[in-house]
Amino acid sequence: MPRCDERLPRPHPVAIDRRRHLAMLALPLLALAGGPARAQQVRRAFPADALRGTLLIVDAPDVRLNGEAARLAPGARIRDENNLLAMSGALDGRRMTVHYTVEPQFDGSVLLRDVWILRADEIANFWPRSREEAARYQLDPVAQVWSRRTG
């Protein structure tokens, strides 16, 4: 009984070597092309309703925000320093400076909806820590810079 692979034409050995040779040449070029893109920091745009705080994930969804008990909302998104999604379980016990948005609940409590773990360059820029402080400033959404309201 003939086997399936016996009926198929086999590629010529020179064609196989040519493909390997092209692949060997392409790998360093792909590495060079991807290198600078990975080294660049992504400039992130935070919403105007985001606040700055210190977050400690105790046992997800339970967290401590600015030293007080809080909870992550179902489906909360945590973005790491490279703007990639991070799983809350991988961050247990880590204290982080973050920007966050909240989702108000009917009972007056709030759940954390979006969280961005900040890099050192983002921490260096002013960002309000409370709604009252944010009311005294205005955000330039393009430059991501807060300035004091006039008048």
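Excluded from the calculations below are hydrogen atoms, water molecules and symmetry mates; all remaining heavy atoms, backbone and side chain alike, are included.
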List the residues meeting side chain to side chain contact (heavy atoms under 4.5 Å, CB included) with [X], not counting sequence neighbours, and say none if there are none.
X: Q138; result: S147, R149
X: N66; result: T54, Y100
X: R131; result: D49, L51, V102

Can you name the side-chain hydrogen bond (donor to acceptor under 3.5 Å, both in side chains) partners of [X], sequence neighbours left out?
X: D140; answer: none
X: R94; answer: E81
X: D59; answer: none
X: R136; answer: none

Q: Keeping to residues at least two apart or across chains, list the ring pair (Phe, Tyr, Trp, His ring centres under 6.0 Å) pairs with something in residues 47-89.
A: none

Q.
Over 60° means perpendicular and under 30° means parallel, so tell me whether F126 and Y137 are parallel, tilted or perpendicular.
A. tilted

Test of understanding: with salt bridge (charged side-chain N to carboxylate O under 4.0 Å, His left out), list the residues that count as partners of [X], not counting sequence neighbours.
X: R95; value: none
X: D92; value: none
X: R77; value: D114
X: D121; value: R119

(Q) Please evaluate residues T101 and W116 with respect to the criterion side-chain contact (heavy atoms from CB on, under 4.5 Å), reporting the C-alpha separation (whole Å), side-chain torsions for both, the decisive distance (0.1 Å), and the verdict. (A) CA-CA 9 Å; T101 60; W116 295 268; 4.1 Å; yes

